[in-house]
Amino acid sequence: MEPVRHFNSKGRNKMANIVVVGTQWGDEGKGKVVDLLTAKCDLVVRFQGGNNAGHTLVVEGKQFIFHIIPSGILYQHKKCLVGNGVVVDPDTLLEEIRGLNDAGIEVSPDRLSLSERAHIIMPYHMALDLARERVKGSGKIGTTGRGIGPCYEDKVARTGIRAIDLTEPDTLEEKLRTNLKEKNFLLTEFFGAEAIEVEPVLEKYLKMGEELKPYITDISIEIDDAINSGKQVLFEGAQGTHLDIDHGTYPFVTSSNPVSGSACTGAGIGPTRLDKVIGIVKAYTTRVGEGPFLTELNDKVGNYIQEKGREFGATTGRKRRCGWLDFVVIKDSVRLNGLTGLAITKLDILAGIEKLKVCVGYDCDGEMIKQRPTSLKRLALCKPVYREMEGWNEDISGVRKLEDLPLNARRYLETIEMTTGVPLSIVSVGPGREESIIIEGMS
Ligand code: IMP
């Protein structure tokens, strides 16, 4: 008798579900790559971070900046979801929804969902973030001041306010009164800051809850249903691997996990649902805020990159620190994220620099090491070991094929591919959607 063959409908017609992560300290240009990949997806999901992130996108010459809503919202038929792993400032979210509506892009609940379980950034989180940084003085982290850390602290302390609570007046009032007792004590007695009153906050957040209610849902179920019906999902990470609370340059990190594994916990799906992980590598390195940055350039070349690359934070407007590409950093990210492909961004910015350098290891007090030490004391003893490469002068923003790049630009890319062992998927040569080299087999 013929054996009975069982087919699993979940496996049939399977499309790739992709996670996009930053491999450095954020601001790698994820927004543009996510925008390109969105064309091939049905759903786009944010899974961590908050409005500390900022994506700048240029579409048909028009600039858009997003802090919470995935940039996929600019495509008419894509669904965007804000995961339970995100901390949400409802003021910012509503502002983004209104801004998009004003620009003629309708953001109905068919286009946007917010997880019931996402934690809400409250005014006391922002007040505590700013007060802590002030008290730390020169030892400050250089946070974005958006209340991200204090909000995640409350989540872990099990005192946080979740999106669903905004729709239940009694729950919100009870939590707010309890929380403010403790927060106001801290704010006034320890930090010498102003106390926050319950009533105006309650009124404002209930009102925002009403506005957001149509969007608030269980996104884990929504994603599961979408994948089961053969839809393709893009998971969009914020910040970068080296700002990861576990794996980054602690304590100079953010308070979430920007690594790819966090797409599972931050969206409510299992790891078997993920197929590809694309790491975004800026062709040089930048960092905002304090913390170790071994390949930082405090010279003319650093200024050239900062100015030409318009390296200002999309959220705070702060000047980004700039430096050479660091393979110790990138190779850590290959491992921590299980990268299957790389997207190189801002390659065009390096044109005009005669000699380029890439860091291939650290000299740590005489010992050559290939991994970043966990101890900041030991890291402070490290010096970057560079390999020098020839630069190129040509403007490459019009190039659409790898083979049309100047030889030295190709050599630079080959060095990245060879050193990381991860194939290139995309090379970005300018801010516009079309200013990209798309490499076959990308998805
Ligand atoms: P927080 O996330 O506001 O607590 O800031 C902690 C650190 O992460 C600071 O050094 C910030 O500058 C940095 N940071 C947070 N979000 C981003 C981002 O989206 N891009 C780059 N750096 C970020």
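Count residues from 1 along the sequence. Both ligands and their constituent atoms are indexed starting at 1 by order of listing. These figures come from a predicted structure and were not determined experimentally.
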Visitor: If you take the nearest heavy atom of each of Thr143, Asn52, Ile148, which one is closest to atom 5 (O) of ligand 1?
Guide: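 That would be Thr143.
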
Visitor: Minimum distance, heavy atoms only, to atom 17 (C) of ligand 1: which one of Gln239, Gln24, His242 is it?
Guide: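 Considering heavy atoms of Gln239, Gln24, His242, the nearest to atom 17 (C) of ligand 1 sits in Gln239.
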
Visitor: Using a strict cut-off of less than 4.0 Å between a Lys/Arg side-chain nitrogen and an Asp/Glu carboxylate oxygen, indicate whether Lys204 and Glu199 qualify as a salt bridge.
Guide: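 No salt bridge links Lys204 with Glu199.
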
Visitor: N/O of Ser255 under 3.5 Å from N/O of ligand 1, yes or no?
Guide: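 No; the residue has no nitrogen or oxygen that sits under 3.5 Å from a nitrogen or oxygen of the ligand.
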
Visitor: Out of Asp27, Asn51, Val253, who gets a non-hydrogen atom closest to atom 6 (C) of ligand 1?
Guide: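 Closest candidate by heavy-atom distance is Val253.
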
Visitor: Is Arg318 close to ligand 1, meaning an N/O of one under 3.5 Å from an N/O of the other?
Guide: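 N/O-N/O distance below 3.5 Å exists for this pair.
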
Visitor: Once rounded to the nearest 0.5 Å, what's the spacing between atom CG of Leu347 and atom OG of Ser436?
Guide: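 Going from CG on Leu347 over to OG on Ser436, the span is 12.0 Å.
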
Visitor: Pick from Lys319, Arg321, Lys282: which one makes a salt bridge (Lys or Arg N to Asp or Glu O under 4.0 Å) with Glu311?
Guide: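 Among Lys319, Arg321, Lys282, the one that satisfies the salt bridge (Lys or Arg N to Asp or Glu O under 4.0 Å) with Glu311 is Lys282.
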
Visitor: For ligand 1, is there an N or O atom under 3.5 Å from any N or O atom of Leu243?
Guide: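 No, Leu243 has no N/O under 3.5 Å of an N/O on ligand 1.
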
Visitor: So is there a nitrogen or oxygen of Thr144 less than 3.5 Å from a nitrogen or oxygen in ligand 1?
Guide: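 For ligand 1, there is an N or O atom that lies under 3.5 Å from one belonging to Thr144.
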
Visitor: Measure the NZ-NZ distance between Lys30 and Lys32 for me, rounded to the nearest 0.5 Å.
Guide: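 Between atom NZ of Lys30 and atom NZ of Lys32 there are 15.0 Å.
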
Visitor: With a 4.0 Å cut-off on N to O distance, would you call Asp326 and Arg287 a salt bridge?
Guide: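 Not counted as a salt bridge, because no side-chain N and carboxylate O are separated by less than 4.0 Å.
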
Visitor: State the atoms of ligand 1, each with its element, that fall below the 4.0 Å cut-off from a heavy-atom position in Gly142.
Guide: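 So the answer, numbered in order with elements, is 9 (C), 10 (O), 11 (C), 12 (O).
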
Visitor: For ligand 1, indicate whether the residue Trp25 contacts it via side chain, backbone, both or neither (heavy-atom separation under 4.0 Å).
Guide: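 The part of Trp25 near ligand 1 is the backbone, not the side chain.
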
Visitor: Should Asp89 and Arg146 count as an ion pair when the cut-off is N to O under 4.0 Å?
Guide: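 Arg146 and Asp89: not salt-bridged.
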
Visitor: Heavy-atom pairs closer than 4.0 Å: do any link ligand 1 to the side chain of Asp129, the backbone, both, or neither?
Guide: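 Asp129 to ligand 1: no contact under 4.0 Å from either part.
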
Visitor: Which atoms of ligand 1 sit under 4.0 Å from any heavy atom of Val288?
Guide: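 Listed by number with element: 10 (O), 12 (O), 21 (C), 22 (N).
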
Visitor: Answer yes or no: is there an ion pair linking Glu173 with Arg177, defined by an N-O contact shorter than 4.0 Å?
Guide: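 Salt bridge between Glu173 and Arg177, a charged N being under 4.0 Å from a carboxylate O: yes.
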
Visitor: Name the closest protein heavy atom to atom 2 (O) of ligand 1, giving the residue it belongs to and the distance to 0.1 Å.
Guide: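 For atom 2 (O) of ligand 1, the nearest protein heavy atom comes out as Thr254 OG1, 2.6 Å.
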
Visitor: Under the criterion ring-ring contact (aromatic ring centres under 6.0 Å, His included), which of Tyr284, Phe252, Trp25 is the partner of Phe293?
Guide: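 Exactly one option meets the ring-ring contact (aromatic ring centres under 6.0 Å, His included) with Phe293, and it is Trp25.
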
